[in-house]
Amino acid sequence: MAETLQRDDLLQLPKVDLHVHLDGSLRLETLLELAEKQGIELPANDPDALKKRLHLGERCKDLNQYLEAFAYTTAVMQDEASLERIAYELAQDCAGENIRYFEVRFAPNLHINKGLSLQTVMDSVLAGLKRGEEDFGVSSALIVCGIRNMSPEISYRLAQLTASYKSRGVVGFDLAGAEFSNPAKHHIKAFYYIVNHNINCTVHAGEAYGAESIHQAIHYNHAHRIGHGTRLFEDDDLADYINDHRIPLEVCLKSNVQTGAVQSIEYHPFPKYLQRGIRVTINTDNRLITDTTVTDELLLAYESFGFSMLTLKKIILNGFKSMFQPYKVRKRWLGKVRKELGLEEFYTPDFGTLEEK
């Protein structure tokens, strides 16, 4: 008989989110409240109307239209209290669906329009995450983003900022933003600085452009993970390289449909990547803009691809394996999570591999 899973079955599982944007994951009511308080005009003041105007959870014509909503979210994130509150609420929301660890990313330079320093922006977000961990028990870390369509010099300064916060809650560096016509290799100086300071990095690639973008992220920017990687299938040799080197893909299923990275969920290459042995992980991307949670993403994978509970648990473990944390920390997490998921029997201690019966 086919296995039948409900959302509640997935809600109770321990989870991880490695690809979630702070400015795309604030609560809708918080956006409305802060906009009113700060005198910022939104396209609509009614929650349902605002969701429609910002295409929240709806199919967009392309990635650029998807990114338009961030002009409004970042507008209300220009003071210390708002930044700390949004980070804190994200931790609470993650804890509410049994996420044990998440890595949230953002571009600090998008939050200095009203005079905050980059350091104050960083400290405010980290304070919110720390308070969230204390109150809700969910662990988190921060990834700093450069922006593809901004000057490479800005990315370099953000790389320096990242290094200054190493071991203070920041675990990685990323390159986000409009992918088409903004090659990652233009930001090579920033990534050279990052890797020479022994910091992990990831790059948005293969979402709005082809496998060549992923190639640049790996070979020019030395990415340790790939954000999305949806179009990796276009280069079979590169797919082998990523698989051989165990470079994880931060997959965001619903977001990929919303931005048009795939025609529909049925066309998503995720099952093929999984079958090939590539280390795929499931993430939200933007909880508000895409109107999703990790639980909903897992449910979408189950409903669309027919994955068993065992397969979904293995995907969850892929996430814990791919954390930007020291090996000894990841090992402790994997030990706890394997036990909770009931997967000890699939673990070979000598090699740390998972074999499905």
Side-chain angles (χ1 to χ4, degrees), residues 18-21 24 60-68 70 105 107 143-156 158-159 172-195 200-263 267-270 272-273 276 278-283 285-286 289-290 322 324:
L18 301 180
H19 189 125
V20 53
H21 292 264
C60 297
K61 65 179 182 181
D62 54 27
L63 178 61
N64 289 334
Q65 186 182 57
Y66 177 86
L67 294 175
E68 290 174 1
F70 289 88
R105 61 189 71 190
I143 295 174
V144 173
C145 292
I147 304 296
R148 282 177 176 268
N149 48 301
M150 292 186 178
S151 165
E153 286 304 313
I154 294 176
S155 292
Y156 183 70
L158 291 173
F173 187 73
D174 179 29
L175 189 65
E179 186 177 5
F180 188 80
S181 296
N182 297 293
K185 64 183 179 181
H186 289 175
H187 301 262
I188 192 171
K189 181 180 176 182
F191 282 88
Y192 184 83
Y193 188 91
I194 286 294
V195 297
N200 288 304
C201 58
T202 179
V203 175
H204 283 66
E207 181 186 19
Y209 199 71
E212 167 60 25
S213 180
I214 304 172
H215 184 278
Q216 285 188 26
I218 298 295
H219 297 298
Y220 284 83
N221 304 91
H222 306 288
H224 303 106
R225 295 194 317 234
I226 292 294
H228 299 291
T230 314
R231 294 173 64 175
L232 177 61
F233 65 87
E234 296 176 355
D235 189 331
D236 196 62
D237 190 50
L238 181 63
D240 281 340
Y241 182 91
I242 284 178
N243 198 12
D244 293 344
H245 290 267
R246 312 310 295 143
I247 299 171
L249 302 185
E250 306 160 357
V251 179
C252 309
L253 294 172
K254 188 175 179 183
S255 170
N256 289 161
V257 176
Q258 189 180 9
T259 62
V262 294
Q263 181 179 345
Y267 288 91
H268 203 289
F270 186 94
K272 294 180 180 179
Y273 294 161
R276 189 168 185 156
I278 293 172
R279 185 170 290 176
V280 286
T281 67
I282 283 183
N283 313 276
D285 201 6
N286 297 284
I289 309 301
T290 302
S322 305
F324 280 167

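Interatomic distance, Ile226 CD1 to Glu250 CD, rounded to the nearest 0.5 Å: 8.0 Å. Summarising the geometry, atom NE2 belonging to His19 is positioned 9.5 Å from atom OG1 belonging to Thr281; distances are rounded to the nearest 0.5 Å. Rounding to the nearest 0.5 angstrom, the gap separating the CG atom in Asn221 from the OG atom in Ser213 is 9.0 Å. Separating the CD1 atom in Ile214 from the CD atom in Glu234 is a distance of 7.5 Å, to the nearest 0.5 Å. Between atom CD of residue Glu207 and atom OH of residue Tyr209 there is a gap of 15.0 Å, rounded to the nearest 0.5 Å. Annotation: the span from Lys254 atom NZ to Asp285 atom CG amounts to 12.0 Å, rounded to 0.5 Å.
Looking at every heavy atom in both residues, Leu238 comes nearest to His215 through CD2-N, 3.7 Å. Of all the heavy atoms in Ser322 and Leu18, the pair that sits closest is CB-CD1, 3.7 Å. Heavy atoms only, all atoms of each residue included: Arg148 and Gly177 are closest at CD-O, 4.0 Å. Closest approach of Ile147 to Ala107, counting heavy atoms only: CD1-CB, 3.8 Å. Of all heavy-atom pairs between Ala211 and Asp235, the closest is CB-CB, 3.7 Å. The two residues Ile194 and Cys201 make their nearest non-hydrogen contact at CG2-CB, 4.2 Å.
Ring geometry, His21 versus His204: the interplanar angle falls from 30° to 60°, so the pair is classed tilted.
Applying the side-chain contact (heavy atoms from CB on, under 4.5 Å) test to Ile188 and every residue at least two apart in sequence or in another chain returns Tyr220.
Judged by distance alone, the side chain of Asn200 and the main-chain N or O of Gly172 form no donor-acceptor pair under 3.5 Å. Distance alone, capped at 3.5 Å, is enough to place a donor-acceptor pair between the Asn283 side chain and the Val251 backbone. A donor-acceptor contact shorter than 3.5 Å is absent between the side chain of Thr259 and the backbone of Leu63. In terms of modelled atom types and a separation under 3.5 Å, the side chain of Asp62 and the main chain of Asn64 share a donor-acceptor contact. Checked by atom type and distance alone, the side chain of Arg105 never pairs as donor or acceptor with a backbone atom of Leu175 at under 3.5 Å. A donor-acceptor contact shorter than 3.5 Å links the side chain of Tyr273 to the backbone of Leu232. Between the Glu179 side chain and the Gly206 main chain, a donor and an acceptor come within less than 3.5 Å of each other.
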**Q.** Stepwise side-chain contact (heavy atoms from CB on, under 4.5 Å) check, His187 with Ile154
**A.** CA-CA 9 Å; His187 301 262; Ile154 294 176; over 6 Å; no

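Judged by distance alone, the side chains of His268 and Asn256 do bring a donor and an acceptor atom under 3.5 Å apart. Side-chain contact check for Thr290 and Tyr66: at least one donor-acceptor pair (N or O, by modelled atom type) lies under 3.5 Å.
Ring-centre distance between His219 and Tyr241: below the 6.0 Å cut-off.
Glu212 has its side chain out of reach of Pro183: every pair of non-hydrogen atoms, C-beta onward, lies at least 4.5 Å apart. At least one side-chain heavy atom of Thr230 sits under 4.5 Å from a side-chain heavy atom of Val262. Here the side chains of Ile278 and Lys272 are not in contact, with every heavy-atom distance at 4.5 Å or above. Looking only at side-chain heavy atoms (C-beta outward), Leu249 and Phe270 stay at 4.5 Å or farther from each other. Contact annotation: the side chain of Lys189 approaches that of Glu153 to within less than 4.5 Å [non-hydrogen atoms, C-beta and beyond]. Side-chain contact check for Ser155 versus His186: every heavy-atom pair is 4.5 Å or farther apart.
The neighbour count for Asp237 CG, taken as heavy atoms of other residues, nucleotides or ligands under 6.0 Å away, does not exceed 12.
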